[in-house]
Amino acid sequence: MARSRSGTRGRRGPRKPPRRDGALGSQVQTIDPRERGAIELPGTIMVKELAELLGVNVADIIRELIKSGIFATINQLIDRDTASLVASELNFEVAETVAASSSPSPEQEAEGPAPEATKEVLFEEDEANLVPRAPIVTVMGHVDHGKTSLLDALRSTEVAAAERGGITQHIGASEVEYDGKRVVFLDTPGHEAFTAMRARGARVTDIAIIVVAADDGVMPQTLEAISHARAAKVPIVIALNKIDKPDADPSRVKTELTEAGIVIEEYGGDVPLVAVSAKSRAGLDELIEMILLVADLQELRADPDRAAIGTIVEAQMDKSRGAVATALVQTGTLKVGDTIVVGETFGRVRALENDRGKRVTKAGPASAVVVLGLSEVPAAGDILRVVADEKVARTMVEGRKAETTARGGDGSGRATLEDLYRQIQAGQAKELRIILKSDVSGSLGAITHALEQLEQDEVRLNILHEAAGDITDNDIMLATASNAIVVGFNTQVTDTARRAAEAEGVDIRQYDIIYKLTDDIEAALNGLLEPEIVEIIEGRAEVRQVIRVGKNTVIAGSFVTGGRIVRGGARVWRSGKIIATDRIESLRRFRDDVREVQTNYECGIGLANFHDVQEGDVIECFSSQTISRARSA
């Protein structure tokens, strides 16, 4: 089974050889782009519709999207700019709509905007204008392993000392100059922000620095950060911090990294490791030199003369200054006075501030700046674009809002086993990405081994992240960004994760028997899905008092902590483990029998067969629903 390992071989064996394109949607006949004229593209288009328009395989479209960090399904809507980039990569010519210049020509000023000016602005790179740009680096790692302190030392500032408890409280972006070359750092509160931007289609990072403390080693958040960087297919550099501490043990950390699938160059792998100390500043020059070396291998370039495109890193409403957004300019030059569209808001750049708080008049490629002048607060990950004028900006924003309303959400179309089944039946190969969580680490090995036995020519399994513990919103965020499903074994879903999954359309599958888990995955891979019995978690209640009535009757005096409690199926959780599966036979509020009890209310719960309820137990009630799955004729 293939596993993402940042270019290294996974610890459970090599990848399978890639499939030939002939197996992917072979019914579609490709067309020589030279025989086609300029392609007209609408404001938004489905992936499968773009493939039909270009006359290419859907797999070719998806492959180009993945190269840009966008994991899309065949029914997902993409905007015109994204579709244009994909078409260009496939050597098709795309009809332009509006010139890339941020200022209208004299003829345009005299005649007014052309009808095409109401469409999305097309930006195309001119190879002749491309120049090298600075690398954009995301810093991630376990809490308190010294991410901000490391940047602190690089910038020679005192950011970390001013933050409450020494823990980063906000997303920051800063620039460091070394030997005449710039490096742009994104200092995030964790991999969540990094993945949140990627979930919205923004690819902002060229290199991921994973900070690991030499005295603490690889921790759960370290593993999560590695998984998120791998899923984004971003080169990883390990910064082994705190090497000057008395209890530092670099050898142990290197071994732990190997066990996590990170094989460093010293051990024959391709992941660089640099030993540093934020406190003594040891190894900082070597770290920046390594970043620049990795960046050189990527040949990062941008066009400073075109209209700017960037990504919002963070944004907030300031009482005195209005909407304040930190933007990372990725290509082009952003100038004071430019009209910009950001997500579903727009405005004119009133002022720009660099990472040191100094006012500047412009910001070129790979520059982090604070932007003032937007009418509303944008979301992190929104794309910033310079357009010709306010009329074009207003029309674009109104069109985006109308499209969002029309499709009833973001049109993300997340991956599900049902989607996989339909695509297999249609002859389209697909990689099934899984995020695996279980109650204990021992179960992970057994499940992973079982999944590896599911040989399947049509679909490749890829476990992006595996860990013991509850399914959290971090897992949902990674699934959202990577178009993955979340599989849980004997583990709970946190309330915030469940809400996030519902909002993002992430498929969560929970099991308590391994063979049921593997059977379901295998059935999906073989396109033989039987009608699905979907379990719906209705609510949870914490047992506050145990009341014994007679010899065999126990009433659990409980407080509903989430959802609602109803009669029906129930589980009893104790110390994070399921100790009983039963059904709620009686439900009371004071002396009255009731049908349901909502959140933040007390109730008495009587279980049919389990009578060993204790204070502190959690009673989770659920219902089941049968959903038929489509089959091919």
Side-chain angles (χ1 to χ4, degrees), residues 2 4 18-97 119-125 198-203 231-233 309 383 400 403 407 409-416 418-433 458-460 462 464 479-485 505:
S4 295
R19 291 183 52 78
R20 293 184 294 272
D21 290 345
L24 304 178
S26 56
Q27 297 88 343
V28 179
Q29 298 296 320
T30 58
I31 298 175
D32 188 343
R34 292 172 295 183
E35 300 176 3
R36 299 283 300 267
I39 304 295
E40 293 282 351
L41 292 175
T44 58
I45 187 171
M46 279 189 182
V47 170
K48 65 180 180 181
E49 293 172 346
L50 179 60
E52 293 169 359
L53 179 63
L54 300 181
V56 301
N57 296 327
V58 174
D60 294 330
I61 303 295
I62 293 176
R63 186 180 298 111
E64 292 301 326
L65 289 169
I66 290 175
K67 288 179 181 178
S68 300
I70 301 172
F71 296 90
T73 63
I74 61 172
N75 295 318
Q76 183 166 332
L77 283 170
I78 57 176
D79 63 24
R80 188 184 190 282
D81 294 324
T82 303
S84 298
L85 291 173
V86 170
S88 298
E89 289 295 326
L90 295 174
N91 298 318
F92 288 90
E93 180 185 355
V94 179
E96 296 194 20
T97 57
K119 297 180 182 179
E120 295 279 357
V121 180
L122 173 64
F123 297 97
E124 291 190 353
E125 295 282 13
R198 208 166 59 81
R200 299 177 65 85
R203 184 178 178 88
K233 295 179 171 56
I309 298 177
I383 305 301
R400 289 177 177 181
E403 288 165 5
R407 62 179 182 253
D410 64 358
S412 58
R414 305 298 175 201
T416 66
E418 288 77 12
D419 291 334
L420 178 62
Y421 161 78
R422 285 190 289 269
Q423 290 177 20
I424 291 173
Q425 293 298 310
Q428 299 167 350
K430 185 174 177 66
E431 178 183 71
L432 174 59
R433 303 181 183 91
E458 308 298 335
V459 182
R460 202 172 58 172
N462 184 356
L464 297 178
T480 302
S482 305
N483 210 24
I485 66 170

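Numbering starts at 1 and runs along the sequence shown. Given the structure is predicted, the values throughout are model-derived calculations rather than measurements.
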Open item on the list: As an exercise, state the distance from CG of Leu90 to CG of Asn57, rounded to the nearest 0.5 Å.
Closed with: 10.0 Å
TODO: Could you please spell out the steps behind the side-chain contact (heavy atoms from CB on, under 4.5 Å) verdict for Leu54 and Ile61?
DONE: CA-CA 10 Å; Leu54 300 181; Ile61 303 295; 4.0 Å; yes
TODO: Report the C-alpha distance between Val86 and Val47 in whole Å, list the side-chain angles of each, state the deciding distance to 0.1 Å, and finish with yes or no for side-chain contact (heavy atoms from CB on, under 4.5 Å).
DONE: CA-CA 10 Å; Val86 170; Val47 170; over 6 Å; no
- [ ] Locate the shortest heavy-atom distance separating Leu53 from Glu40; write the atom from each residue and the value.
- [x] CD2-O, 3.8 Å
Task: Closest non-hydrogen atom pair, Lys48 against Val58 - done: CA-CG2, 4.3 Å
